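Scroll down for the structure; my scribbles are underneath it.
This one's a predicted model, so the numbers in the text were calculated from it and none came from an experiment. Each chain gets a letter, A, B and so on, in the order its sequence line appears, and its residues count up from 1.
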2 protein chains.
Amino acid sequence: MSGEVTIYDIAEKLGLSAATVSRALKDNPAINSNTKKKIRAAAEAMGYRSNRFASNLRKRTTNTIGVVVPRLNSNFMSTAISAMEKMASDAGYSLIIVQSLESPAKEIANIRTLFNSRVDGLMAALSSEQETDIDFRILTDRGIPVVFFDQVPSGSSQPCIIIDNAQAAHAITMHLIGQGCKRIVHLTGNVKRFVYRERLSGYKMALLEAGIPFDEELVLHSDLTELSAPDIANRILEMDGRPDALFAANDMSAAACLTAFRERGLSIPGDIAVAGFNNDPISRLMQPNITTINYPAYQIGATAATYLLNHLTGKSSLQATNKVILHADLLVRESTMRLPHNDQLRSVF
Amino acid sequence: MSGEVTIYDIAEKLGLSAATVSRALKDNPAINSNTKKKIRAAAEAMGYRSNRFASNLRKRTTNTIGVVVPRLNSNFMSTAISAMEKMASDAGYSLIIVQSLESPAKEIANIRTLFNSRVDGLMAALSSEQETDIDFRILTDRGIPVVFFDQVPSGSSQPCIIIDNAQAAHAITMHLIGQGCKRIVHLTGNVKRFVYRERLSGYKMALLEAGIPFDEELVLHSDLTELSAPDIANRILEMDGRPDALFAANDMSAAACLTAFRERGLSIPGDIAVAGFNNDPISRLMQPNITTINYPAYQIGATAATYLLNHLTGKSSLQATNKVILHADLLVRESTMRLPHNDQLRSVF
DNA sequence: TCCAGATATGCAACCGATTGCAGAGATTTT
DNA sequence: AAAATCTCTGCAATCGGTTGCATATCTGGA
């Protein structure tokens, strides 16, 4: 716009060169401190704002970080992103957020877009386990750092911030077994996704350990949304030999199934115990409240951002830390407490 | 980086000028279609990517939209932003999202940051009703369009995408009165915020209309989080003359209070009816499920983005549409159904 | 054959901040 | 007094794409 003030305007007004103004505003030690003061005062008075594009063009850096997620309207994602935004903003970086909406094509396009936007770094939770691993090469090949979180590529050597999903699922399954459950249904999502595959494997491991034969029939697949829950609940209730527990891979579907069960007159956890995953608010507010795994969304987002930012600002290198595994507690609540007194602590929160 | 391909490289390789390459890649009709084909093929083969900064610097436009929200980890916000991201992305725009975390100072700083990032437009939900109205001037004065949604400045002539909060609150209060409730508590948030003030006023209007005297004691203030709910529930139960209904300004606190009430052995809606606002998933999954207002988050986000994008792409002007009021239905559910047969439709969803 | 009009391409000046290098002036050293 | 050193500032090129204007080539018509 015509009203835009540049360093040239400031330079002209003070009878200096643009170079001097540029250096002064960057607090370059070569500039006399009196000159700096004058320049700063003039810049302020004239309403100067630096043009990022000119600066980026010249410096070949953008102070912008890209974030790729499957979708951002889940409690986990929005909390994680909230943490990232705070960290990035405190460090002077902006966030560009894109969602793939479960479409691998969109995911690839998104990666290209961020690449073209010349982000300085990237944080990503994958939509699927497709070729995307390869597509990140266009970034990593040019030295643009990528940190994965939540949904990470398996077998890659890229930095990842995750929890031990298998171990958490193992813990929750063992807890159910400890409560006397024998036929435990596991409701999972798309097992191409890292987290669901891991949770399934933890579930299997626990069964194996307890000497309970694994039954493929007891593993149900869905998109884990509220909408598909009634159907899932039906299928569980119609099984030969009714299951005595449901371990769902997220809290939303655990809650929705629990509601469906109760509408059929089942008592929870007496007739069927229900456990979820994530510690979404809903797991605390349902009655009975739902046993779950505390998935530390904020901490995961904050950690991913911290590692990336430290790398970008040269404070530390990412290669040193390939994988960060955060702790995820089992929260035992009413929905699985079948034994009156047991040795598990009842979690209040 | 050294490996970066520019239009000059392409031009040199094909024996053309950079101007021609630039025009060809932009599909300028002045360029011969054969030449275009050759240039596109070469660009593809050489791995060319356009440098946004050079382009932005020259064009003085960024294809970037800023989004300012109080915090992004609520069901409403993440859903609205999700819609915005989709619209913007389809139109070739990127989103830069910042959150104010309830701090007016951070909100002002955020606006400045986006201003300095030279966003082409802005969508904003305000943190408070402070001076921020004024701070947007730095944008609007320079012709950068701003669309407000959800939390909008009152009395401003800026474009807004909202629902009629007062009318919705009126409807829900009338419904409670219709169910025989006489002492209706309203739990509200910071009344400096547009939506809460409006909801409170709708509540008052309904009381007035029904001839029930307004009692200041029955209006409780909180931050509307899950954590403060137990305290609120206590205060309600300890009132002289126990209230027979609670109308909370969001679903989270309605659900949390409902849980607290039940833990004290009250029956819902028999002893006390409970209504919320937003139609968060939790309102559907609680047992009893909770009467609420369907706050169309996705639609609000999509509408805000559509108006802004149409303005930016010159399809229509924002000035023509100062205020868009979307419809928000009352969803009557179990938590307020005190009369066995009534004329209200029971909403399934 | 000559010229008007289209069509296609090139020239060169931007946009605004950054930075290597040079150099003017002031200060200290020999 | 001459030389060496230090401080500070300016010159001018650079980043890469865009665009107004000029120019070259070709087409068809008089």
Side-chain angles (χ1 to χ4, degrees), chain A residues 1-40 42-44 46-64 92 115-120 142, chain B residues 1-40 42-44 46-64 92 115-120 142:
Chain A
M1 307 294 144
S2 52
E4 216 57 80
V5 178
T6 72
I7 53 172
Y8 296 95
D9 300 327
I10 300 176
E12 192 179 15
K13 180 163 184 177
L14 298 179
L16 292 167
S17 76
T20 304
V21 174
S22 174
R23 292 196 178 98
L25 292 173
K26 287 271 155 187
D27 209 16
N28 186 313
I31 304 297
N32 184 293
S33 61
N34 281 328
T35 313
K36 275 187 196 168
K37 259 181 219 160
K38 264 186 244 161
I39 290 176
R40 289 214 194 98
E44 174 71 22
M46 298 168 75
Y48 168 79
R49 59 171 178 163
S50 168
N51 186 321
R52 275 203 186 191
F53 301 110
S55 172
N56 289 340
L57 175 59
R58 182 62 221 243
K59 289 195 304 179
R60 297 159 162 275
T61 165
T62 65
N63 270 41
T64 300
F115 176 61
N116 287 328
S117 298
R118 288 184 161 57
V119 293
D120 289 342
R142 305 223 193 189
Chain B
M1 306 293 145
S2 52
E4 215 57 81
V5 178
T6 72
I7 53 172
Y8 295 95
D9 300 327
I10 300 176
E12 192 179 14
K13 180 162 184 177
L14 298 178
L16 293 166
S17 75
T20 304
V21 175
S22 173
R23 291 196 177 98
L25 293 173
K26 287 271 153 186
D27 208 18
N28 186 314
I31 304 297
N32 184 293
S33 60
N34 282 329
T35 314
K36 274 187 196 168
K37 260 182 219 160
K38 264 185 243 161
I39 291 177
R40 289 214 195 97
E44 174 71 21
M46 298 169 74
Y48 168 78
R49 60 171 178 164
S50 168
N51 186 321
R52 274 203 184 191
F53 302 110
S55 170
N56 289 340
L57 175 59
R58 182 63 223 242
K59 288 195 304 179
R60 297 156 159 275
T61 166
T62 65
N63 270 40
T64 300
F115 175 62
N116 287 330
S117 299
R118 287 182 161 59
V119 292
D120 289 342
R142 304 223 193 188

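Nearer to the 5' terminus of DNA chain C, by closest-nucleotide assignment, is the contact made by B:Gly15 (compared with the other of B:Gly15 and A:Ser50).
Between the OG1 atom of B:Thr20 and the CD1 atom of B:Ile31 there is a distance of 5.0 Å, given to the nearest 0.5 Å. Atom OG of B:Ser22 and atom CG of B:Leu16 lie 12.5 Å apart (nearest 0.5 Å).
Within the structure, every pair that satisfies the salt bridge (Lys or Arg N to Asp or Glu O under 4.0 Å) test and touches residues 16-31 of chain A, not counting sequence neighbours, is listed here: A:Asp27-A:Lys36, A:Asp27-A:Arg40.
In this structure, A:Lys26 atom NZ and C:dG16 atom P are separated by 17 Å, rounded to whole Å. Between the NZ atom of A:Lys37 and the P atom of D:dC8 there is a distance of 13 Å, rounded to whole Å. One atom, CG of B:Leu57, and another, P of C:dA17, lie 9 Å apart when rounded to the nearest Å. Note: CG (A:Leu16) to C1' (C:dA24) measures 15 Å, nearest angstrom. Summarising the geometry, the separation between CZ on A:Arg49 and P on C:dA17 is reported as 11 Å, rounded to the nearest angstrom. Following rounding to the nearest Å, B:Ile7 (CD1) and D:dT14 (C1') show an atom-to-atom distance of 15 Å. Look at CD on B:Glu12: it is 18 Å from C1' on C:dT9, rounded to the nearest Å. Rounded to a whole Å, the CD1 atom of A:Ile10 is 12 Å from the C1' atom of C:dG16.
B:Tyr8 comes within 4.0 angstrom of a nucleotide base, judged by non-hydrogen atoms across all strands. Nucleic acid contact for B:Ser22: base, since at least one base atom lies under 4.0 Å from a heavy atom of the residue. A:Leu25 comes within 4.0 angstrom of no nucleic acid atom, judged by non-hydrogen atoms across all strands.
Between B:Gly92 and B:Asn63, the closest heavy-atom pair is O-ND2, 3.1 Å. Between B:Ile7 and B:Tyr48, the closest heavy-atom pair is CG2-OH, 3.6 Å.
For C:dC14, the base has a donor-acceptor partner in the side chain of B:Arg58 [N/O atoms by modelled type, under 3.5 angstrom].
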Quick test: give all pairs of protein nitrogen or oxygen and nucleotides 20-22 of chain D nitrogen or oxygen below 3.5 Å, distance rounded to 0.1 Å.
{"unit_1": "D:dG20", "atom_1": "O6", "unit_2": "B:Arg23", "atom_2": "NH2", "d": "2.5"}

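Geometric assessment of A:Arg118 against the ring of B:Phe53 yields a negative cation-pi assignment under the 6.0 Å and 45° thresholds.
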Problem set entry | CA sep, side-chain torsions, deciding dist, call: B:Arg52, B:Thr64, side chain to side chain contact (heavy atoms under 4.5 Å, CB included) | CA-CA 11 Å; B:Arg52 274 203 184 191; B:Thr64 300; 4.2 Å; yes
For this session: Step by step, work out the side chain to side chain contact (heavy atoms under 4.5 Å, CB included) result for B:Thr6 and B:Asn51.
Result: CA-CA 8 Å; B:Thr6 72; B:Asn51 186 321; over 6 Å; no
Exercise. Given A:Asn56 and A:Thr62, is the side-chain hydrogen bond (donor to acceptor under 3.5 Å, both in side chains) satisfied, shown in steps?
Worked result: CA-CA 6 Å; A:Asn56 289 340; A:Thr62 65; 5.7 Å; no
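A sub-4.0 Å separation between OP1 or OP2 of C:dG10 and a side-chain N or O of B:Ser17 is present. The phosphate of C:dG16 (OP1 or OP2) has no side-chain N or O of A:Arg52 nearer than 4.0 angstrom. Checking the phosphate oxygens (OP1, OP2) of D:dT9, no side-chain nitrogen or oxygen of A:Thr20 falls inside 4.0 Å.
Shown for residues 27-36 of chain A: residues whose heavy atoms fall under 4.0 angstrom of DNA chain D, namely A:Ala30, A:Ile31, A:Asn32, A:Thr35.
You'll find the side chain of B:Val21 stays beyond 4.5 Å of the side chain of B:Tyr8, heavy atoms only.
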